Protein chains: 2
Amino acid sequence: MQILKDRIRKDGKIKAGNVLKVDSFLNHQMDIKLFGEIGKEFKRRFADVEVTKILTIEASGIGIACIVAQYFDVPVVFAKKTQTKNIAGEVYTTKVESYTHGRVYDIIVSKEFLGAGDKVLLIDDFLANGKALEGLAALVRDSGAELVGAGIVIEKGFQVGGDLLRSEGIRLESLAIVESMDEEAQTIVFRDDE
Amino acid sequence: MQILKDRIRKDGKIKAGNVLKVDSFLNHQMDIKLFGEIGKEFKRRFADVEVTKILTIEASGIGIACIVAQYFDVPVVFAKKTQTKNIAGEVYTTKVESYTHGRVYDIIVSKEFLGAGDKVLLIDDFLANGKALEGLAALVRDSGAELVGAGIVIEKGFQVGGDLLRSEGIRLESLAIVESMDEEAQTIVFRDDE
């Protein structure tokens with residue numbers, strides 16, 4: 001998706017440890033017009049599949065998922081990262097290892113909101129080692145719903161997540177796949193660059 | 001807002017301890033069409049003020065804020081609840097006491113995304129004791145931005161938050177104000193009911 005890649009090149013900041021900061025438009029401040037274009041593009045790529053629900057994970061996936069959902073005309077469910085007293089006991093749960101925070105946490109979805117008959121599209125902002133997306137896929141599997149695909153805004157193609165999920169047969173659409181980054185020169189190579 | 005009040009009466013569940021569960025359409029599963037109606041209504045109520053940015057707090061405020069932002073044509077910034085390594089050192093921060101989780105946490109916003117010249121509308125799903133909204137207002141004040149108002153989907157009118165914030169001169173628009181709830185009968189009285 002060219003306007004996304006252009007935006008990452010313009011406003012993304014490459015930090016030590018292969019960190020790509022895109023918090024000026026994607027995951028802290030959010031450019032809602034760009035999210036609209038992202039929504040259109042996911043709808044175009046998944047035009048051939050029926051989707052009844054979008055599943056994402058708090059926090060930075062939620063905004064994108066909600067705008068994307070307008071193009072599919074479906075509700076969004078977000079997996080929560082800890083058990084709160086507002087969630088009833090009846091939940092699907094799995095463990096996820098966080099790369100960003102360096103810890104393991106539980107993610108949960110209420111059984112009321114995911115189940116057999118649902119055709120689920122996963123949406124998230126980033127894919128790196130794939131742990132969060134694998135966790136979401138596990139929740140879908142446990143619920144008896146059908147996983148129709150996963151839409152990712154930025155995939156770090158040099159980390160294992162994308163290859164892993166594709167090898168498991170998950171239909172994965174990433175709008176920008178970063179092949180490599182150079183911190184000193186602040187340059188990015190995308191997978192399908194000429 | 002009548003369709004919101006109707007929906008709360010239809011799908012909300014009243015639990016012990018004055019808990020109103022609306023997680024089937026507002027803050028776990030999210031009805032994006034309803035969010036669109038909420039966005040239109042906030043735009044109508046704040047039609048007379050200039051807004052350059054919407055500020056909310058993770059996690060359940062984000063989806064609503066993003067849909068609402070489409071009607072104001074502005075970006076959204078969400079305050080984060082803990083310091084992560086993807087946030088630079090330069091942040092505004094304040095402490096918030098959580099009613100739901102029973103603990104105190106830090107909320108932060110990067111100084112890059114809030115500052116003098118911004119006219120900020122706060123958006124959140126719930127207002128009870130007002131601690132989260134007061135925290136967001138404090139971040140706006142610290143940044144030198146102007147706080148033009150706060151839009152809340154559901155206010156618990158029997159808790160202190162609404163009165164407190166209005167007495168501080170904050171222009172507060174709540175789309176549904178719950179005056180009282182009866183757990184046994186599962187009935188709700190809204191402030192402006194006939």
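Here is the naming used below: chain letters follow the sequence lines, and residue numbers restart at 1 for every chain. Just so it is clear, the structure is predicted and the values come from calculations on it, not from any experiment.
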Seminar exercise, completed: Whatever's closer than 4.5 Å to a heavy atom in chain B on S24(A) counts as both
For this session: Step through the shown structure and confirm whether more than 12 heavy atoms of other residues, nucleotides or ligands are within 6.0 Å of NZ on K43(B).
Result: yes
Exercise. In terms of heavy-atom contacts, does NZ of K111(A) have more than 12 from other residues, nucleotides or ligands at under 6.0 Å?
Worked result: yes
Exercise. Are any side-chain N or O atoms of H28(B) and backbone N or O atoms of S110(A), one a donor and one an acceptor, separated by less than 3.5 Å?
Worked result: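 Such a contact is found between H28(B) side chain and S110(A) backbone.
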Work out which heavy atom in [X] is nearest to a heavy atom in [Y]; give both atom names and the distance.
| X | Y | value |
| --- | --- | --- |
| F78(B) | A59(A) | CE1-CB, 4.3 Å |
| I62(A) | M30(B) | CG2-CE, 3.7 Å |
| C66(A) | I67(B) | O-CD1, 3.8 Å |

[X] with [Y], same ILVMFWY side-chain cluster at under 4.5 Å:
| X | Y | value |
| --- | --- | --- |
| I177(B) | I152(B) | no |
| I8(B) | V189(B) | no |
| L164(B) | F158(B) | no |
| I3(B) | L26(B) | yes |

Exercise. Does the side chain of L114(A) come within less than 4.5 Å of Q29(B)'s, by heavy atoms?
Worked result: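 No, their side chains stay 4.5 Å or more apart.
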Exercise. Quick one: are D31(A) and P75(B) in side-chain contact, heavy atoms under 4.5 Å?
Worked result: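 Answer no - side chains too far apart.
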For this session: Would you mind checking if E112(A) and K13(B) are paired as a salt bridge, meaning a charged N to carboxylate O distance below 4.0 Å?
Result: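 Answer for the salt bridge query: yes.
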